[in-house]
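Just so it is clear, the model here is predicted, and its values are computed rather than measured.
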Amino acid sequence: MRATPFAIGAIKIFMLRLGKNARRAGVVVAIVVGAVTVALLAVTAALPLVVPGAELRRIAVHALAGSTGQKVVILGEPALRLFPSPRVVLGKVSFPLPSGQSLDAENVVTRLDIWHLLAGRVEVDDVIVEHPTLVLTGDGLTPALAVAPIFAAAQWPELRIVDGTIAWRSEGGLTRELVSGLTANLDRVVDGRGISLGAAFDWRDERVTVNLVLDDAAGFLSGTPSPARVVLAATGAEARFQGRAALGTAPVLTGTLSAEADALRDLLDWAGIEPPTRGGLGPFALSAHLALEDGGLSLTDASLDLDGNRGDGAFLLKLVQGRPVLQGTFAADKITLTPYGGIHLTTDDGRNWDRRPIDLSPLEGFDLDLRLSAGRVVADETTLNTVAASAVLTGGRLVMVLGEATGWGGLLRASLSLAPGAPDPALPYGRATGAEVRLEAEATDVDLGRTLEDIAGMRRIEGTGTLQVEVSGAGGNVVEIARTLTGNASISAGNGYLAGLDVAQVLQRIERRPLSATSDARGGRTAFTDLSGRIAITDGVGTVEEMQLQGKQVRLGMEGSISIAERSLDLAGHASLVLPSSKSTTSGVDLPFSVRGPWDTPMVMADPLSLIERSGAALPLLEAVKGRAGTAAAEPAMEGAPGRKAAPPTPPAN
């Protein structure tokens, strides 16, 4: 649509008139702004004449004392500055504190409210404390600051802190910086009834930010729950609270809590807390309803996520006679323990017990009572199902109970007790070293091969059976505990295999050629229909009270000792070949043998004397051995027999 000449002319006239009005409005605005500026300059210039310097100083000091809640001592010479805004510069000030603590600031500025100045009143808008230094002394790190006036009154000016420092001084005069680069703003909100605190500071080389909002500061101090919001953040971690809080005679806190960290291990290291495990403790998240009442802190409807392990529970932390006590329950569908590593009982090569000192001192600072249930628990190649467990820590003694679980194809129950060892007079305060250990465990109808491999690192028995162990010991490391172990162990199984030795094959070979079995008989496996064993343990040595194996082809019995401390075997056995019923009138093969050496690679040897007795070719040699003349010549052949010592050679006859 094309505009007509008449319309174009009308628009030009309107724009011309609008331009004239705009120029007039601009002139009016400029005149008003100029008048206000002149009035402002006049008021600020006349301020020193209208208000004496002593009065300005009194007002500034009064505002500073009200904003900080502390008494003030001015060490410098106050000065009035008018530009770029009116303010009173107090210079260096000191805040006297009790208990040997100190708080000083290099400079304090009180900025005056310019609009009240225009109205003829002198009021402080805010107080800026530059480069303050708070020095704490003694064992405690609680500053002796009076914060109540800051919270209680709404009329005090807002407070600004610039580049503050908190340090600690020992009795010897050594000063250590705790917090640096502190900046903070304390503002009045909700019509002056509430406060908003924002702070940022450097602690342990990390920047930390804190934001706190209280809608009713006076009510918070008097014990009336007030809406509160807190956000605490550091590098890679953040915690948030929203709810109601009150101080009064007993603190009260109720609301929702949420927290997360990129790596919980890094957060613990930064906070100076030693992680309880060597591995894991990565991504972490927590959400719960928090309540602080009657001196107890509870987390209910808690949802926890750590290293991908997710579960729900409830926890209660309280002080009992000044000692922290943590109680709680936790349930999860699946818990993976692989990232945290296993219990290291041996050296890295798995051949010897670990000699590193055991330190249970971290368990002495608190008490614990936790209940755990999980549908599945995975640790490396081991999986336990329907797990119900508990951990109770009292006075430094930890008792962990596996009430019931299914694993290795059977049912498991166990109880492990750990307590600090005997006090060591050489250590400060006679601190205890090492540990006292007691283990009671029962595995019923389990896969013995997998069970023994996962627990002891050996796979010598295959089949389904039951294991029972009850042992106790004490020492500064695993080696010392192994040397003091006392208790008993038993095993029973049916329809399985003894790995590492084919007894039936060895006996059949001996029946044909007796001397062919004088070498190491390791290899193969022996089938059995019934296996039973019982071991009594005293001072790290297990005595085999019973060890019987019954199979379709062989019978086997053993006795001797097992050195737990040295991880070695010294056993003597007797094997018999079971003949078919059609050959029952024929004498079977009976063979004594020995099992000696490390328990992961023992050597199985047949008795040479028995082999010689069965050999027709070697029988004359044996008879010669029994005679005087042939003793010296034949004795070397007998040196391999268990329990026999070689006699000194006989001198030749003249």
With rounding to the nearest 0.5 Å, note down the distance linking CG in Asp262 to CZ in Arg265.
15.0 Å
Name every donor-acceptor pair, under 3.5 Å, that has one atom in a side chain of residues 484-494 and the other anywhere in the protein, sequence neighbours excluded.
unit_1 : atom_1 : unit_2 : atom_2 : d
Thr484 : OG1    : Ala474 : N      : 2.9
Thr484 : OG1    : Ala474 : O      : 2.9
Thr484 : OG1    : Glu480 : O      : 3.3
Thr484 : OG1    : Ile481 : O      : 3.1
Thr486 : OG1    : Thr484 : O      : 3.4
Ser490 : OG     : Gln468 : OE1    : 3.4

Which of these, Asp369, Leu368, Val325, sits in a side chain to side chain contact (heavy atoms under 4.5 Å, CB included) with Leu393?
Leu368
Please lay out, stage by stage, how Thr235 and Glu206 fare under the test side-chain hydrogen bond (donor to acceptor under 3.5 Å, both in side chains).
CA-CA 7 Å; Thr235 302; Glu206 294 287 349; 2.6 Å; yes
Is a side-chain donor-acceptor pair under 3.5 Å present for Ser417 with Arg397?
yes
For a 4.5 angstrom cut-off between non-hydrogen side-chain atoms, does Leu186 reach Ile195?
yes
Mind checking whether Val541 and Ile562 have side chains closer than 4.5 Å, heavy atoms only?
no
With rounding to the nearest 0.5 angstrom, report the NZ to CG distance, Lys318 to Leu316.
5.5 Å
For the side chain to side chain contact (heavy atoms under 4.5 Å, CB included) test, which of Leu306, Asp269, Leu286 pairs with Leu264?
Leu306
Pairwise side-chain hydrogen bond (donor to acceptor under 3.5 Å, both in side chains) hits with a residue in residues 322-333, at least two apart:
Arg323-Asp367
If the threshold is 4.0 Å, N to carboxylate O, is there a salt bridge linking Glu470 and Arg438?
yes
Are Glu462 and Arg450 close enough for a salt bridge, meaning some N to O gap below 4.0 Å?
no
Worked verdict on Arg244 versus Thr254 for side-chain hydrogen bond (donor to acceptor under 3.5 Å, both in side chains):
CA-CA 5 Å; Arg244 305 182 73 84; Thr254 59; over 6 Å; no
